[in-house]
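To start, the structure itself, in structure tokens.
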There are 2 protein chains.
Amino acid sequence: MPSTKKDGKDGSTSQRAYAALREQLLRSKFLPNQKINEVALAATLEISRTPLREALNRLVAEGLLVDRGRGFSVPDLDQKRVFDLFEARLEIECATVRLACERGTDEELAELSEFLKESMAESPDASVDRLIELDIGFHGRIAAMARNKVLQQTLSNLNDRMHLIRWIAMEGRRERTQSQHHDILQHLCARDADAAIAAMREHILHRNDDILAAIKAAYGHVYTLSNG
Amino acid sequence: MPSTKKDGKDGSTSQRAYAALREQLLRSKFLPNQKINEVALAATLEISRTPLREALNRLVAEGLLVDRGRGFSVPDLDQKRVFDLFEARLEIECATVRLACERGTDEELAELSEFLKESMAESPDASVDRLIELDIGFHGRIAAMARNKVLQQTLSNLNDRMHLIRWIAMEGRRERTQSQHHDILQHLCARDADAAIAAMREHILHRNDDILAAIKAAYGHVYTLSNG
DNA sequence: TGACACAGCCCTGAATACAATTTCGCATAC
DNA sequence: GTATGCGAAATTGTATTCAGGGCTGTGTCA
């Protein structure tokens, strides 16, 4: 077997630390506003502080952590910040879906249709984690059709940064999500960019009340996790 | 005086390294595709490799450097990548100007008008560096009016990543730039979002021929810098 | 009993040390 | 003259060490 160093993971120690931490942050293994203890975390990951800090610095640059003068910590669930994230995502998703409408091939649209069909079948019984995966799959395919790596990466970053809230908001939106995905797909197949944009605008959480409710639910969720 | 460590610079060693490197990258002190020599660079900055590498990792996360399995290097002037950057910037600037049109106060618009007036007076004789500063000032004010830190930061990052090409394209566009800024401002003052977007779309380099010409000119510029 | 002072521990930021790999140069053989 | 192989230098990635500050906890004094 081609394992150069330790077990199956790829890349350098700092890259593995980065991947592991990103995963844990998305899964809310750390509380909002929590301070990162470098020695403890390094011990957990069984690495030294040097590659750990390199990973932490990357995560700061991505907005998944913040640099508090002395030490790193998890971003707060700041209301305005979450609003901004949703708004930014909304705008970029709309631009992306327009480009996808122009550039996606019929084959890609057929594949997306197939994917959506399977998603809708799977959706009613799927876990929220799985729902998020499916959601990411749908939006990711559209982003790929836009043929723009920069927009794709930007969207991916925004999604990372709102992962918890998105997770929260997904519960109780199973059917809505799938049917809205269906609408978007129909407009894409009809090559009606304006309609696709409108459907996307409707799809993405954009009413402040809804976002605020998700934030509050997220607080509850997070503190439940930390206690129970 | 409140100097905690060395001379007047603020923040930690790695933060100063980050700021210095970002500055040098924007000024094209490194060639596209150039490999970074850590020991040499650390010696230049008179710091050790540890904070230097932390800064390099942040720059990688921002797309100002790339991680080549072993070591870091400056991104290539890849044609598709530059197209994508311009397209992404175009879309986000358009979304931003629409929000600014809705949210900017009359006072802010008056201030922007004043800024533009001074810019137009200064423009004919200004250096390209100064022109870029003025351009950043104009777009930055619009981004501030959009009241969205995430979009603002995203735009700032994209601008960093296309700084060289933007610099190149600016020369020979003095009057055009200023008059297009004027158009955008007029539509903002009229609160006509669609017209402002159209003007912005026209303003930002979006024809592939133009971008390609800028890329080629950038190659010439860069290699002139490295030789002469 | 409460507030303040001090000592010791803990934590971060940076430098240095170390190991592994790659690259470069030179010499030798064909 | 060119290709090849070996060895040394250089370079990166990671661990360890060191120094400075901040926090905590306790003891003492009012």
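Here is the naming used below: chain letters follow the sequence lines, and residue numbers restart at 1 for every chain. This is a predicted model, so every value here is computed, not measured. These numbers come from the heavy atoms of this one structure, side chains and all, not from hydrogens, waters or symmetry mates.
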With a cut-off of 3.5 Å and sequence neighbours excluded, list every side-chain donor-acceptor pair involving residues 96-103 of chain A.
| from | atom 1 | to | atom 2 | distance (Å) |
| --- | --- | --- | --- | --- |
| A:Thr96 | OG1 | A:Ile92 | O | 2.7 |
| A:Arg98 | NH2 | B:Glu91 | OE1 | 2.6 |
| A:Arg98 | NH2 | B:Glu91 | OE2 | 3.2 |
| A:Arg103 | NH1 | A:Ala146 | O | 3.0 |
| A:Arg103 | NH1 | B:Glu87 | OE1 | 3.0 |
| A:Arg103 | NH1 | B:Glu87 | OE2 | 3.2 |
| A:Arg103 | NH2 | B:Glu87 | OE2 | 2.5 |

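- No more than 12 heavy atoms of other residues, nucleotides or ligands sit less than 6.0 Å from atom CZ of A:Arg27.
- A donor-acceptor pair shorter than 3.5 Å can be found between the side chains of B:Tyr18 and B:Glu62.
- Ring pair A:Phe138/A:His181 is parallel by interplanar angle, where below 30° counts as parallel and above 60° as perpendicular.
- With values rounded to the nearest 0.5 angstrom, A:Ser73 atom OG is found 12.5 Å from A:Asn37 atom CG.
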Worked check of salt bridge (Lys or Arg N to Asp or Glu O under 4.0 Å) between B:Glu111 and B:Arg141: CA-CA 9 Å; B:Glu111 199 277 334; B:Arg141 280 170 169 76; 2.9 Å; yes
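- Look at B:Thr13 and you won't find any side-chain N or O under 4.0 angstrom from OP1 or OP2 of C:dG13.
- Using a 3.5 Å distance cut-off with no hydrogens or angles, the side chains of A:Asn157 and A:Arg89 do not pair a donor with an acceptor.
- Taking a 4.0 Å limit (strictly below) on heavy-atom distances, residues 52-72 of chain B reaches DNA chain D at B:Arg53, B:Gly69, B:Arg70, B:Gly71.
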Can you tabulate the close N/O pairs, meaning under 3.5 Å, that link protein atoms to atoms of nucleotides 16-18 of chain D?
| from | atom 1 | to | atom 2 | distance (Å) |
| --- | --- | --- | --- | --- |
| D:dT16 | O4 | A:Thr50 | OG1 | 3.1 |

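- Between the axis at the start and the axis at the end of the helix from C:dT1-D:dA30 to C:dC30-D:dG1 there is an angle of 10°, using five pairs per end and rounding to 10 degrees.
- Partners of A:Arg49 by salt bridge (Lys or Arg N to Asp or Glu O under 4.0 Å), not counting sequence neighbours, listed by chain and number: A:Glu38.
- The interatomic distance linking B:Glu46 (CD) with C:dA15 (P) rounds to 11 Å, in whole Å.
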Chi angles and distances behind the side-chain contact (heavy atoms from CB on, under 4.5 Å) call for A:Ile142, A:Leu188: CA-CA 9 Å; A:Ile142 291 177; A:Leu188 281 176; 4.1 Å; yes
A:Asp78 and A:Arg81: CA distance, side-chain angles, deciding distance, salt bridge (Lys or Arg N to Asp or Glu O under 4.0 Å) verdict: CA-CA 5 Å; A:Asp78 178 61; A:Arg81 178 172 158 278; over 6 Å; no
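- Sorted by residue number, the members of residues 35-43 of chain B with any non-hydrogen atom under 4.0 Å from DNA chain D read B:Lys35, B:Ile36, B:Asn37, B:Glu38, B:Val39.
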Verdict with supporting geometry, B:Arg53 and B:Asn57, side chain to side chain donor-acceptor pair (under 3.5 Å): CA-CA 6 Å; B:Arg53 282 177 59 89; B:Asn57 273 286; over 6 Å; no
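- For B:Lys216, the NZ atom is loosely surrounded, since the number of other residues' heavy atoms within 6.0 Å does not exceed 12.
- Distance check, rounded to the nearest 0.5 Å: CG of A:Leu116 to OG of A:Ser123 gives 10.0 Å.
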